[in-house]
2 protein chains.
Amino acid sequence: MNDMDRRSMPLFSIGIVMKLTELTARQIRYYEANDLIAPERTKGNQRLFSFNDVDRLLQIKDLLDRGLNMAGIKLLLDEEKKEIPGEIPEKKKKTPANLTDEELRGILKNELNEAGRYGKASMRQGELARFFVRH
Amino acid sequence: MNDMDRRSMPLFSIGIVMKLTELTARQIRYYEANDLIAPERTKGNQRLFSFNDVDRLLQIKDLLDRGLNMAGIKLLLDEEKKEIPGEIPEKKKKTPANLTDEELRGILKNELNEAGRYGKASMRQGELARFFVRH
DNA sequence: ATTTTTATGTTAAATAACCTAACATTCAAT
DNA sequence: ATTGAATGTTAGGTTATTTAACATAAAAAT
């Protein structure tokens, strides 16, 4: 079993995730309703969150603190996924269709990647990574 | 927050631990009743297991497969704790009172530290360590 | 200055998951 | 044959989570 598997393994009940992230159940469910996360379910339909889910929730919290709304957060987080595949960003390839979205993203990305003023969460975004082995 | 904290952080419900260890709830509770583990509890008295607890359960399962009983397992696991403090084992310091126990431990230790024939558990003992950073 | 939308709070009713305790079963050792 | 250890099974009770609805405060749009 590799790191990817471990990160996406459904492990945590919503109660634990509430403590880890200092979000309310209402908030977590609302973010799911807005397609920002998609935790697994037990046979009985109860949510089961992975490390990835918790990590993502911490990011969402951070972005909300910075004033973004659901749409903006979704844009940013979805973009991050696309960037992972080890390809070197050769001058930024533009998807012709969604120029407006890409521009928005560009603006957000530059605006946000500054000054790491973070909240008082019991676990800050990024800290979760320490649960895993280094590469 | 350091690794020790993370390893002992109460995170998992018994349902998850059942899947991780392939033990039944009955077994897990029985081992607790025999003081082999001591998981935390929620306010509502439900068990919450840490990585350490899961690790320990995997060890218990392995030792049971090898024919040990509760007493033997407790001895072994308690001994391992004492050995952790980075001291170099200078010829094995004997505690005068419990010679019989020490002998038993010695025998077990030698008998058991051979041939790693392991079961078909979804997660083998030791594998859990990969959740954590290397030292 | 209203009205609407967004993010979150609160509550209720249903049910899934978990709890303890008791009794049953299996198997190995006496 | 009897005992004890480990686990199965069942019952009744409690806790945690679910969805859905309605409420609210602040921000955005009109």
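Within every chain, numbering begins at 1; the chains are lettered A, B, ... in the order of the sequence lines, protein sequences first and strands thereafter.
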Under 4.0 angstrom between B:Tyr30 side-chain N/O and D:dT7 OP1 or OP2: no
B:Arg26 side-chain proximity, nearest of D:dG8, D:dA16, C:dT8: D:dG8
Got a list of protein N/O to nucleotides 25-29 of chain C N/O distances below 3.5 Å?
none

Pairwise side-chain contact, A:Leu77 with A:Leu63, heavy-atom cut-off 4.5 Å (strictly under): yes
Which residues share a side-chain hydrogen bond (donor to acceptor under 3.5 Å, both in side chains) with A:Gln27, sequence neighbours left out: A:Thr24
Candidates C:dA16, D:dT19, C:dC19 - which lies nearest the side chain of B:Ile14: C:dC19
For atom CD1 of B:Ile60 and atom P of D:dT7, their distance in whole Å: 10 Å
Pairwise 5' ranking along DNA chain C for A:Asn34 and B:Gly15, keeping only the more 5' one: A:Asn34
Protein-nucleotide distance (B:Leu68, atom CG; D:dA5, atom P), rounded to Å: 15 Å
Length of the line joining B:Ile28:CD1 and D:dT7:P, which is rounded to integer Å: 11 Å
Side-chain N or O of B:Arg47 closer than 4.0 Å to phosphate OP1/OP2 of C:dT20: yes
Options D:dA16, C:dG9, D:dT19, nucleotide nearest the side-chain atoms of A:Asn45: D:dT19
From D:dT7, C:dA17, C:dC19, nucleotide with atom closest to B:Leu64 side chain: D:dT7
Presence of B:Thr42 side-chain N/O under 4.0 Å of D:dT15 phosphate oxygens OP1/OP2: no
Spacing of B:Leu36 atom CG relative to D:dA5 atom C1', expressed in whole Å: 13 Å
Stepwise side chain to side chain contact (heavy atoms under 4.5 Å, CB included) test for A:Leu11 and A:Leu48: CA-CA 6 Å; A:Leu11 293 174; A:Leu48 276 187; over 6 Å; no
Under 4.0 angstrom between A:Gln27 side-chain N/O and C:dT8 OP1 or OP2: yes
Distance below 4.0 Å between B:Tyr31 side-chain N/O and D:dA6 OP1 or OP2: no
Side chain proximity check, B:Ile14 to B:Gln46, heavy atoms < 4.5 angstrom: no
Gap between atoms NZ and C1', on A:Lys43 and C:dC18 respectively (whole Å): 16 Å
Below 4.0 Å: OP1/OP2 of C:dC18 and any side-chain N or O of B:Ser13: yes
Distance, rounded to the nearest Å, where B:Leu23 contributes CG and D:dA6 contributes P: 14 Å
B:Ala71 vs A:Ile16, nearer the 5' end of DNA chain D by closest nucleotide: B:Ala71
With sequence neighbours excluded, residues passing side-chain contact (heavy atoms from CB on, under 4.5 Å) with A:Ala71: A:Asn69
Phosphate OP1/OP2 of D:dA16: any B:Arg41 side-chain N/O under 4.0 Å: no
Note: A:Asp35-A:Arg56 ion pair, threshold 4.0 Å (strictly below): no
Full working for side chain to side chain contact (heavy atoms under 4.5 Å, CB included) between A:Met18 and A:Ile28: CA-CA 8 Å; A:Met18 288 173 64; A:Ile28 296 170; 4.0 Å; yes
Atom-to-atom span, CG of A:Asp65 to P of C:dA7 - whole angstrom: 13 Å
Side-chain heavy atoms of B:Leu23 within contact of B:Val17, under 4.5 Å: no
Pair B:Lys61 + B:Asp65: basic N to acidic O under 4.0 Å: no
B:Pro39: partners by side-chain contact (heavy atoms from CB on, under 4.5 Å), with sequence neighbours left out: B:Glu32, B:Ile37, B:Arg47, B:Phe49, B:Asp53
Qualifying ring-ring contact (aromatic ring centres under 6.0 Å, His included) pairs, either residue in residues 8-31 of chain A, two or more places apart: A:Phe12-A:Phe51, A:Phe12-B:Phe12
d(NZ, A:Lys61; P, C:dT8) in whole Å: 11 Å
Angle of first-five versus last-five pair axes in the helix from C:dA1-D:dT30 to C:dT30-D:dA1, to 10 degrees: 20°
